[in-house]
Novice: 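My questions all concern the structure below.
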Amino acid sequence: MQRLYDFLRRHPTWVDTFWAVVLFGMSGVSEVSFDGSPHHHGSLPAGLAVSAVLSVVVALRRRFPEPMLLVALVTGLAQLVLDVETTVADFAMLVITYTVAAVGARWASRLALAVSFCAAAAAQIRWPQEQASFAGQVAIVVFQTVPFALAWVLGDSMRTRRAYFAQLEERAARLEKEREAQAKVAVAAERARIARELHDVVAHNVSVMVVQADGANYVMDTAPDQAKKALETISSTGRQALAEMRRLLGVLRTGEHQETGEYVPQPDVEQIDDLVEQCRSSGLPVDFKVEGTPRPLPSGVELTAYRIVQEALTNTRKHGGPGAGASVRLVYFDDGLGLLVEDDGKGAPHELYEEGGADGRGHGLIGMRERVGMVGGTLDAGPRPGGGFRISALLPLKPAH
């Protein structure tokens, strides 16, 4: 049954054809009496021809509404000329009036409305009720006109409703495209910012390598041990710089302006303690703990960890509401760095994370995900069961090659 229903929805002409056959059958039965004579004025072939044409109008009304309206009008005039009284098949006039009012062109809708007000009067003049008075004749005309008027009003209402829903769908689609465009712009801007910071990290590492190389060259003959130590530093720093450069090459920087000035190191994990103290001094209670054994981390990982904590605490201050508190956990694993930032805020919904970053230039969770993805980590963010917000991140200590 479901398949049949779906098929009929996709092929409405089949439904119309079925009802056209039913209409023609009912009309044929009503045309002929038991003795084979017609029930109306005019010949039987003319009556059957009119019924057949009006049945075709019902069958093709949705595929060709305007032409079928004209066919129905011509058929109605032929009825008047051939003296074929109204039959069951004339119900097609009512159907085509509704159809053109709902889906037809505007001129066809207006024409159907005008003819609807004239059809009953023309039929009453052509085949008057001799036993009825003048008032009765007028009442019959009004009674026969009302269904046509209601059919047109119903069809026009359906047209208006469809247009309204189409407008809503178009507006929703436009807003969705605008949101997608804004999200793409936000991602591009955040990637550009991350690229600048990684660029500074790489430049700092290269500067360290140059300084160590100059020092090794200076003490090569007088202090070989110091030179060897400097070369080891150069080697480890070079590998780290190479890893950061690989991440940097994965970030699009099209259209970025040339930066001037001296490159400086970006924030690292050790500065998270200073960040927490700043939040405490601004009135936000923060519980900060470090678990595991601290160890040297890749510069990109340190920068990512710092920015995530900065973003989370900034949004807690903005949206956590009065009396909100936060906790920060920094966990050193054997092969990764874990971050857990939670708050118990009862303020504005944390969907506002999407509105802006810690410095007003980023885009909240979008920026966090970009940063975590840049170092090959994972991020989980969402509301806490008892209220507030929770951000959990795992950053690998070894960069993915």
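If you read the sequence from its start, that first residue is 1, and numbering goes on from there.
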Novice: Do Leu303 and Asp268 make a side-chain contact, defined as non-hydrogen atoms from C-beta onward lying under 4.5 Å apart?
Specialist: no
Novice: For the residue pair Phe24 and Ser55, what are the closest heavy atoms and their distance?
Specialist: CB-OG, 3.2 Å
Novice: For Val331 and Leu340: C-alpha separation, side-chain torsions, deciding distance, then whether side chain to side chain contact (heavy atoms under 4.5 Å, CB included) applies.
Specialist: CA-CA 8 Å; Val331 184; Leu340 179 62; over 6 Å; no
Novice: Is Val50 close to Thr87 at the side-chain level, that is, under 4.5 Å between some pair of heavy atoms?
Specialist: no
Novice: Could you verify whether a donor N or O on one side chain and an acceptor N or O on the other, from Asp287 and Ser327, lie under 3.5 Å apart?
Specialist: no
Novice: With side chain to side chain contact (heavy atoms under 4.5 Å, CB included) as the criterion, how do Trp19 and Val95 come out once you've worked through the C-alpha distance, each side chain's angles and the decisive distance to 0.1 Å?
Specialist: CA-CA 11 Å; Trp19 289 115; Val95 174; over 6 Å; no
Novice: Can I get a per-line list of side-chain donor-acceptor pairs under 3.5 Å for residues 161-180, giving both atom names and the distance, sequence neighbours left out?
Specialist:
{"unit_1": "Glu176", "atom_1": "OE1", "unit_2": "Arg179", "atom_2": "NH2", "d": "2.6"}

Novice: Does the side chain of Leu113 reach to within under 4.5 Å of the side chain of Phe148, using non-hydrogen atoms?
Specialist: no
Novice: Once rounded to the nearest 0.5 Å, what's the spacing between atom OG1 of Thr145 and atom CG of Leu150?
Specialist: 11.0 Å
Novice: Is it true that Trp152 and Ser109 share a donor-acceptor pair across their side chains at a distance under 3.5 Å?
Specialist: yes
Novice: In chain order, what residues pass the side chain to side chain contact (heavy atoms under 4.5 Å, CB included) check against Ala122, with sequence neighbours excluded?
Specialist: Leu80
Novice: What I'd like to find out is whether the side chain of Val71 reaches to under 4.5 Å of the side chain of Leu60, using heavy atoms alone.
Specialist: no
Novice: Could you tell me whether a side-chain N or O of Asp344 sits under 3.5 Å from a main-chain N or O of Gly325, the two making a donor and an acceptor?
Specialist: yes
Novice: Taking side chain as C-beta onward, heavy atoms only, is Ile391 less than 4.5 Å from Leu379?
Specialist: yes
Novice: If the condition is side chain to side chain contact (heavy atoms under 4.5 Å, CB included), which residues does Glu66 pass it with, not counting sequence neighbours?
Specialist: Ala105, Trp107, Ala108
Novice: If we count only N and O atoms by modelled type, under 3.5 Å, do the side chains of Asp274 and Gln278 hold a donor and an acceptor together?
Specialist: no
Novice: Could you report the tightest heavy-atom contact between Met368 and Ala312, atom names first, then the distance?
Specialist: CE-N, 3.8 Å
Novice: Do other residues, nucleotides or ligands put more than 12 heavy atoms under 6.0 Å from Arg63 CZ?
Specialist: no
Novice: Enumerate the residue pairs fulfilling salt bridge (Lys or Arg N to Asp or Glu O under 4.0 Å) with a member in residues 86-114, sequence neighbours excluded, ordered by first and then second residue.
Specialist: Arg106-Asp156
Novice: Sub-3.5 Å donor-acceptor pair from the side chain of Arg159 to the main-chain atoms of Val100, do we have one?
Specialist: yes
Novice: Just how far is it from atom CZ of Phe333 to atom CG of Leu395, taken to the nearest 0.5 Å?
Specialist: 10.5 Å
Novice: Determine the minimum heavy-atom distance between Ser116 and Thr97, stating which atoms define it.
Specialist: OG-CG2, 3.6 Å
Novice: Do Ile272 and Val269 come within less than 4.5 Å of each other through their side chains, counting heavy atoms only?
Specialist: yes
Novice: Run the salt-bridge test on Arg390 and Asp343 with the 4.0 Å N-O cut-off and return the result as yes or no.
Specialist: no
Novice: Could you list all the salt bridge (Lys or Arg N to Asp or Glu O under 4.0 Å) pairs where at least one residue sits in residues 13-26, not counting sequence neighbours?
Specialist: Asp16-Arg61, Asp16-Arg62
Novice: Which heavy atom of Val290 sits nearest to which heavy atom of Tyr332, and what is that distance?
Specialist: CG1-CE1, 3.8 Å
Novice: Verify the neighbour count for atom CZ of Phe288: are there more than 12 heavy atoms of other residues, nucleotides or ligands below 6.0 Å?
Specialist: yes
Novice: About how many Å separate CD of Glu291 and CZ of Arg329, when rounded to the nearest 0.5 Å?
Specialist: 6.5 Å
Novice: Test side chain to side chain contact (heavy atoms under 4.5 Å, CB included) on Tyr306 and Leu275; report intermediate values, then the result.
Specialist: CA-CA 9 Å; Tyr306 181 89; Leu275 177 64; 4.1 Å; yes
Novice: Hey, does Val57 have a side-chain heavy atom less than 4.5 Å from the side chain of Met93?
Specialist: no
Novice: For Ala326 versus Leu313, what's the shortest heavy-atom pair and its separation?
Specialist: CB-CD2, 3.9 Å
Novice: What residues, two or more places apart in sequence or in another chain, satisfy side chain to side chain donor-acceptor pair (under 3.5 Å) together with Asp380?
Specialist: none
Novice: Would Leu284 and Thr316 count as a side chain to side chain contact (heavy atoms under 4.5 Å, CB included) here? Give the steps.
Specialist: CA-CA 8 Å; Leu284 175 66; Thr316 299; 3.9 Å; yes
Novice: What are the two closest non-hydrogen atoms of Leu339 and Ala305, and how far apart are they?
Specialist: CD1-CA, 3.5 Å
Novice: Quick check: does any side chain N or O of Arg371 sit under 3.5 Å from a backbone N or O of Arg307, one acting as donor and the other as acceptor?
Specialist: no
